[in-house]
Amino acid sequence: MLNALKPQPADKILQLIQMFKDDPRATKIDLGVGVYKDATGLTPVMRAVKAAEKQLWEVETTKTYTGLAGEPAYNAAMAQMILDGCVAADRLASVATPGGTGAIRQALELIKLAAPAATIWLSNPTWPNHPSIIRYLGMAMTEYRYFDASTGTVDFAGMLADLAGVKPGDVVLLHGCCHNPTGANLTLDQWAQVADLLNAKAAIPFIDLAYQGFGDGLEADAAPTRLIASRCPEVLIAASCSKNFGIYRERTGVLIAISPEAGMRATTQGNLAFLNRQNFSFPPDHGARLVTMILNDPRLTAEWKAELEEVRQNMLTLRQNLADALRAATNSDRFDFVASHRGMFSRLGLTPEQVETLRADHGIYMVGDSRINIAGLNAKTVPILARAVAQVIG
């Protein structure tokens, strides 16, 4: 049987990680992998997470399975953090998932179960795992314009023009904040226009919320999702705790499905639990329990929010420093947009050939489309990157 398998194309980011590991240069810089790092290059365990783990070690009495949907307290805490009561609780169905990727996969499985003929609309560009999973599931997909590489801003006119082709029942995948890979976000007014368009087209918004708290703050980053949730009758939300709680390896996510009316919730919840059962049965609990403890303890919540704000402010400082350094090195405002982007990522607008030159000649690693992880920089490496970019663009 196994002889019939064909080699799969290498994951470009995982391939980049390996190339970085194999590079012997002490001066190499990793801007590829989407993981937050502090100034020392470490992805630290948050203080609130450490405190919650210590508490859990002292009081936990069993490692038996949790429910198919995860612990109700976790689902409720996540719904509160994301939606803050903007939708009646009796319209919300939710399940815990293995990370944000697991939530996206379960959302797509739900769409396939409920509306197999639906087309999934993706921003161009988007996170590569989006089209990869959709393609693997054999679902129809198409793209809408999103990013203007020449200005480093959202191509909103192009986005609206493309979404005008959405059919009733289609699903439009939207990045809730800190767009990956571009870092360019819609304004709240633009979000409202998107909501109106989707409602007019009878289409369903599907929000990928992987970076709440990394952009403009917990509440500001949730505002677009809350706007969509309060205006659209049906909404899917896939959220991750990997970044904002720093628990990447604990694989902690949630999928929330908003039904048009309370009477539909039980059936939606039952189908979500069914899909969990078919995939992994009971979701992992350790990370989810830590998140629940943090969000339900005012002291731990305050500690976590303070540290998350430190992370956010660090990335904003790095953005501004990089924009300033690039302006000085290139003697132009070509890269000023980096300061206005949010989250971990920005696309510099370099060609694949220029990206390869950065890797080969300077030991600077980034994804081929010139997406960089801002958090991979520090005060020492910002000017190094700026000078190298200035050299490769001539």
Side-chain angles (χ1 to χ4, degrees), residues 75-76 78-94 100 103-104 107-108 110-111 114-115 118-123 126 130 142 144-146 154-179 184-213 215-240 254-265 267-269 272 342-343:
N75 293 341
M78 288 298 291
Q80 177 62 30
M81 183 182 79
I82 296 166
L83 296 172
D84 193 30
C86 72
V87 178
D90 59 8
R91 290 175 54 206
L92 302 182
S94 61
I104 290 164
L108 291 168
L110 184 70
I111 295 164
T119 294
I120 315 298
W121 291 69
L122 303 173
S123 67
T126 192
H130 289 151
T142 192
Y144 59 87
R145 279 171 285 176
Y146 184 82
V154 175
D155 179 6
F156 190 60
M159 179 180 180
L160 289 185
D162 289 347
L163 290 180
V166 169
K167 300 293 191 296
D170 282 354
V171 177
V172 178
L173 202 159
L174 302 157
H175 297 230
C177 66
C178 306
H179 185 273
N185 295 326
L186 300 175
T187 67
L188 269 182
D189 178 66
Q190 289 170 335
W191 275 100
Q193 294 180 60
V194 170
D196 291 342
L197 185 152
L198 297 183
N199 285 338
K201 295 290 183 177
I204 295 93
F206 172 15
I207 298 176
D208 182 355
L209 187 62
Y211 302 97
Q212 185 182 353
D216 292 312
L218 273 172
E219 298 302 306
D221 289 350
T225 299
R226 292 171 187 173
L227 184 151
I228 292 288
S230 62
R231 294 194 183 194
C232 299
E234 285 187 312
V235 184
L236 298 175
I237 303 167
S240 169
V254 69
L255 171 60
I256 299 173
I258 301 175
S259 300
E261 55 189 50
M264 299 171 63
R265 179 199 170 278
T267 299
T268 305
Q269 184 66 54
L272 289 175
R342 290 295 181 267

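- Distance check, rounded to the nearest 0.5 Å: CD1 of I207 to CH2 of W191 gives 5.0 Å.
- Judged purely by atom type and a 3.5 angstrom limit, R265 uses its side chain to pair as donor or acceptor with the backbone of L92.
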*Stepwise side-chain contact (heavy atoms from CB on, under 4.5 Å) test for D196 and R231*: CA-CA 8 Å; D196 291 342; R231 294 194 183 194; 3.9 Å; yes
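- We find the OG1-CD distance between T187 and Q193 to be 7.5 Å, quoted to the nearest 0.5 Å.
- The backbone N or O of I82 lies less than 3.5 Å from a partner atom in the side chain of R226, making a donor-acceptor pair.
- Rounded to the nearest 0.5 angstrom, N199 CG and E234 CD are separated by 11.0 Å.
- To the nearest 0.5 angstrom, L209 atom CG is 9.0 Å from L83 atom CG.
- A donor-acceptor pair under 3.5 Å links the side-chain atoms of Q269 to the main chain of S94, judged by distance alone.
- Remark: side-chain polar atoms of D208 are not paired, donor with acceptor, to backbone N or O of L173 under 3.5 angstrom.
- Between the side chain of D170 and the backbone N or O of T119, at least one donor-acceptor pair lies under 3.5 Å.
- Across every non-hydrogen atom of A239 and M78, the tightest pair is CB-CE, 4.4 Å.
- Among all heavy-atom pairs drawn from Y146 and N185, the shortest one is OH-CA, 3.6 Å.
- The minimum heavy-atom distance between G176 and T225, with the atom names listed, is CA-OG1, 4.2 Å.
- Atom CG of L236 and atom CD1 of I104 lie 11.5 Å apart (nearest 0.5 Å).
- Between the CZ atom of F206 and the CG atom of L174 there is a distance of 10.0 Å, given to the nearest 0.5 Å.
- Side-chain N or O atoms of D221 include one that pairs as donor or acceptor with a backbone N or O of G215 at under 3.5 Å.
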Give the table of side-chain donor-acceptor pairs shorter than 3.5 Å for residues 154-166, with sequence neighbours excluded, one pair per line with atom names and distance.
{"residue": "D155", "atom": "OD1", "partner": "G158", "partner atom": "N", "Å": "3.0"}
{"residue": "D162", "atom": "OD1", "partner": "R145", "partner atom": "NE", "Å": "3.4"}
{"residue": "D162", "atom": "OD1", "partner": "R145", "partner atom": "NH2", "Å": "3.0"}
{"residue": "D162", "atom": "OD2", "partner": "R145", "partner atom": "N", "Å": "2.7"}
{"residue": "D162", "atom": "OD2", "partner": "R145", "partner atom": "NE", "Å": "3.0"}

*Let me see the working for T126 and H175 under side-chain contact (heavy atoms from CB on, under 4.5 Å), right down to the final yes or no.*
CA-CA 9 Å; T126 192; H175 297 230; 2.9 Å; yes
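- Between L272 and the options L110, I256, T267, a side chain to side chain contact (heavy atoms under 4.5 Å, CB included) holds for only L110.
- With contacts defined as side-chain heavy-atom distances shorter than 4.5 Å, the pair V172/P205 does not qualify.
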*Report the C-alpha separation of V87 and V235 in whole Å, then their side-chain angles, then the decisive distance to 0.1 Å, and conclude whether the side-chain contact (heavy atoms from CB on, under 4.5 Å) test is met.*
CA-CA 11 Å; V87 178; V235 184; over 6 Å; no
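- Summarising the geometry of A195 relative to I228, their closest heavy-atom pair is CB-CD1, 3.8 Å, with the distance given to 0.1 Å.
- Side-chain N or O atoms of Q212 include one that pairs as donor or acceptor with a backbone N or O of M81 at under 3.5 Å.
- Between the side chain of R342 and the main chain of C178, no donor-acceptor pair closer than 3.5 Å is present.
- Taking all atoms of both residues into account, the shortest heavy-atom contact from L255 to A107 is CD2-N, 3.5 Å.
- Residues A257 and T268 approach most closely at CB-CG2, 3.7 Å, considering heavy atoms.
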